[in-house]
**Q** 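Let me begin by handing over the structure; questions about it come next.
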There are 2 protein chains.
Amino acid sequence: MSDRPLQEPTLLLLTALADEPRHGYGLIQEIDAISNGRVRMRTGTLYGALDRLLQQGLIRVEREEVVDGRARKVYALDETGRGVLAAETRRLRAVVAEAERRMAAHSTPAVRPKGALA
Amino acid sequence: MSDRPLQEPTLLLLTALADEPRHGYGLIQEIDAISNGRVRMRTGTLYGALDRLLQQGLIRVEREEVVDGRARKVYALDETGRGVLAAETRRLRAVVAEAERRMAAHSTPAVRPKGALA
DNA sequence: CTATATATATCGGTGCACGACATATATTGT
DNA sequence: ACAATATATGTCGTGCACCGATATATATAG
């Protein structure tokens, strides 16, 4: 269990599972929607990541079903995974806030009118 | 210029450079401080990343100096890098917000007392 | 005089993501 | 009737960022 920071595809996967269980192909579509079409997760990334997350115990196979003659595996976020996602989210919020603070505090900004806020 | 999402060490590097120029070893300390000691950037990661970011034109070598008999290279964030950091920050803020929204909207939450907030 | 802090740099290994390919069924278009 | 696209899961080789170890050198602290 390397507590290395999650890469973005993995983060998006856990995010897409945070509200309710979904199957692989559904995750691709959901992530496409979440990111407004910017991120198109590849099947190579997806199924590899799902296997890894299963092995790490962050997700589980909720059930297998057949819809319209096509087999599906439905994955769900485990409590462990929920914890990891919550922690990662807090971490990233802090980093983002820090980045924004520093960009605003940029030491050599263009002409600063007197009385301007930091 | 592969517009692939930044990994966290790289994001932290740009963040640490966002307010003012710093040298390599100073970046390690700064990142240690930003993350409250959680992230200890390795020199292998650092100098590799600095080379890469220089080549991508996201940062530049501001100056070289000698302090207490030790040589330093001071790196600064370029305008391009500032733009990338700003974009990445916006992106991540959206993902974090989405993750939090979904965790709150979790479909099978533990016993919810009537009238309880999400 | 040794250990630690400051400072830069290289190198081999690992792990995650990417892109291409493979397979199969259902639906839509011509 | 046939082709193309959407749905659905999966494998495999490659690339690249990060990690851990190692190397080098000067200054300061014990």
Side-chain angles (χ1 to χ4, degrees), chain A residues 1-16 21-33 35 37-56 58-59 61-75 84 88 95, chain B residues 1-16 21-33 35 37-56 58-59 61-75 84 88 95:
Chain A
M1 200 183 304
S2 54
D3 62 347
R4 283 173 47 197
L6 299 177
Q7 293 202 358
E8 222 185 309
T10 305
L11 175 66
L12 287 170
L13 263 184
L14 297 186
T15 298
R22 294 174 204 279
H23 65 286
Y25 192 78
L27 285 167
I28 292 178
Q29 297 173 23
E30 190 69 13
I31 286 173
D32 187 90
S35 67
R38 277 186 290 88
V39 180
R40 280 177 197 160
M41 173 147 318
R42 317 292 165 160
T43 62
T45 302
L46 179 72
Y47 294 104
L50 288 175
D51 283 348
R52 179 172 29 93
L53 293 172
L54 280 171
Q55 212 173 348
Q56 292 173 345
L58 302 192
I59 63 174
V61 176
E62 180 80 349
R63 64 181 182 276
E64 304 193 38
E65 57 188 23
V66 175
V67 176
D68 289 330
R70 295 184 216 92
R72 287 179 172 179
K73 272 187 202 163
V74 178
Y75 300 89
V84 167
E88 187 71 8
V95 173
Chain B
M1 199 181 304
S2 55
D3 63 346
R4 283 172 46 197
L6 300 177
Q7 293 202 15
E8 223 186 310
T10 305
L11 175 67
L12 287 169
L13 263 184
L14 297 186
T15 298
R22 295 175 203 277
H23 65 286
Y25 193 78
L27 286 167
I28 293 179
Q29 299 173 344
E30 191 68 14
I31 287 174
D32 187 271
S35 67
R38 277 186 289 88
V39 179
R40 279 176 197 160
M41 173 149 317
R42 318 292 164 161
T43 63
T45 303
L46 179 72
Y47 294 105
L50 288 175
D51 283 347
R52 180 172 28 95
L53 293 171
L54 280 171
Q55 213 173 347
Q56 292 174 344
L58 303 192
I59 62 174
V61 175
E62 181 79 349
R63 64 180 184 276
E64 304 193 37
E65 56 189 24
V66 175
V67 176
D68 289 331
R70 293 185 217 93
R72 286 179 172 179
K73 272 186 202 164
V74 177
Y75 300 88
V84 167
E88 187 71 9
V95 173

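In the text below, chain A, chain B and the rest are named by the order of the sequence lines, each starting its count at 1.
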**Q** What pairs meet the salt bridge (Lys or Arg N to Asp or Glu O under 4.0 Å) rule with one or both residues in residues 40-50 of chain A, with sequence neighbours excluded?
**A**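 Residue pairs passing salt bridge (Lys or Arg N to Asp or Glu O under 4.0 Å), neighbours aside: A:Asp32-A:Arg40.
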**Q** When the distance from OH of B:Tyr25 to C1' of D:dA27 is rounded to whole Å, what number comes out?
**A**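 From B:Tyr25 OH to D:dA27 C1': 12 Å.
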**Q** To the nearest Å, give me how far apart CG (B:Leu12) and C1' (D:dA17) are.
**A**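 Result: 14 Å.
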**Q** Distance check needed: C:dA7 P versus B:Ile28 CD1, whole Å only.
**A**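 In whole Å, C:dA7 P lies 10 Å from B:Ile28 CD1.
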**Q** Please state how far atom CZ in B:Arg38 lies from atom C1' in D:dC19, giving the value in whole angstrom units.
**A**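 It works out to 18 Å between those atoms.
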**Q** In residues 40-55 of chain B, which ones come under 4.0 Å of DNA chain C, going by heavy atoms?
**A**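 The answer is B:Thr43, B:Gly44, B:Tyr47.
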**Q** Under 4.0 Å between any heavy atoms, over every strand shown, what does A:Glu64 touch: base, sugar-phosphate, or nothing? Just pick one.
**A**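 Nothing: the residue A:Glu64, judged by heavy atoms under 4.0 Å, touches no strand.
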**Q** Is the phosphate of D:dA6, meaning OP1 or OP2, less than 4.0 Å from a side-chain N or O of A:Gln29?
**A**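 So the side-chain polar atoms of A:Gln29 never come under 4.0 Å of the phosphate oxygens OP1 or OP2 of D:dA6.
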**Q** Identify the pairs formed between an N or O of the protein and an N or O of nucleotides 28-30 of chain D at a distance under 3.5 Å, and give each distance.
**A**
none

**Q** Who passes side-chain contact (heavy atoms from CB on, under 4.5 Å) against B:Glu64, sequence neighbours left out?
**A**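 Only B:Val61, B:Lys73 meet the side-chain contact (heavy atoms from CB on, under 4.5 Å) criterion with B:Glu64.
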**Q** Could you measure the distance from the CG atom of B:Leu50 to the CD1 atom of B:Ile59? Nearest 0.5 Å is fine.
**A**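 So the CG of B:Leu50 and the CD1 of B:Ile59 are separated by 4.5 Å.
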**Q** Within this structure, what is the CG-CG distance for the pair B:Leu12 and B:Leu46, rounded to the nearest 0.5 Å?
**A**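 Separation between the atoms: 11.5 Å.
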**Q** I need the A:Leu13 CG to A:Thr45 OG1 distance, nearest 0.5 Å.
**A**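 Answer for the CG-OG1 pair, A:Leu13 versus A:Thr45, is 9.0 Å.
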**Q** B:Leu27 has an atom CG; how far is it from atom P of C:dA9, in whole Å?
**A**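 Roughly 12 Å, once rounded to whole Å.
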**Q** At what distance, to the nearest 0.5 angstrom, does CG of B:Leu27 lie from CE of B:Met41?
**A**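 These two atoms lie 8.0 Å from each other.
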**Q** Return the value, rounded to whole Å, for the distance between atom CZ of B:Arg22 and atom P of C:dA7.
**A**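 So the CZ-P distance, B:Arg22 to C:dA7, works out to 13 Å.
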**Q** Taking atom P of D:dC16 as reference, at what distance in whole Å does atom CD of B:Gln7 sit?
**A**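 Checked: the CD to P distance equals 13 Å.
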**Q** Can you figure out which of D:dG10, C:dC16, D:dA17 approaches the side chain of A:Gln56 most closely?
**A**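 Among D:dG10, C:dC16, D:dA17, the one nearest the side chain of A:Gln56 is C:dC16.
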**Q** Distance check, rounded to the nearest 0.5 Å: A:His23 atom NE2 versus A:Ile28 atom CD1?
**A**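 Reported value, rounded in 0.5 Å steps: 9.0 Å.
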**Q** Grab the NE2-C1' distance between B:His23 and C:dA9 for me, whole Å please.
**A**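 Value for this atom pair: 15 Å.
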**Q** Among the candidates D:dT9, D:dA17, C:dT8, find the nucleotide nearest to the side-chain atoms of B:Thr10.
**A**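 Of the options given, the side chain of B:Thr10 lies nearest D:dA17.
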**Q** Applying salt bridge (charged side-chain N to carboxylate O under 4.0 Å, His left out), name anything that partners A:Glu65, two or more places apart in sequence or on another chain.
**A**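 A:Arg63, A:Arg72.
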**Q** Taking only residues two or more places apart in sequence, or in another chain, which ones meet A:Arg52 in a salt bridge (charged side-chain N to carboxylate O under 4.0 Å, His left out)?
**A**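 If we apply the salt bridge (charged side-chain N to carboxylate O under 4.0 Å, His left out) test to A:Arg52, skipping adjacent residues, there are no hits.
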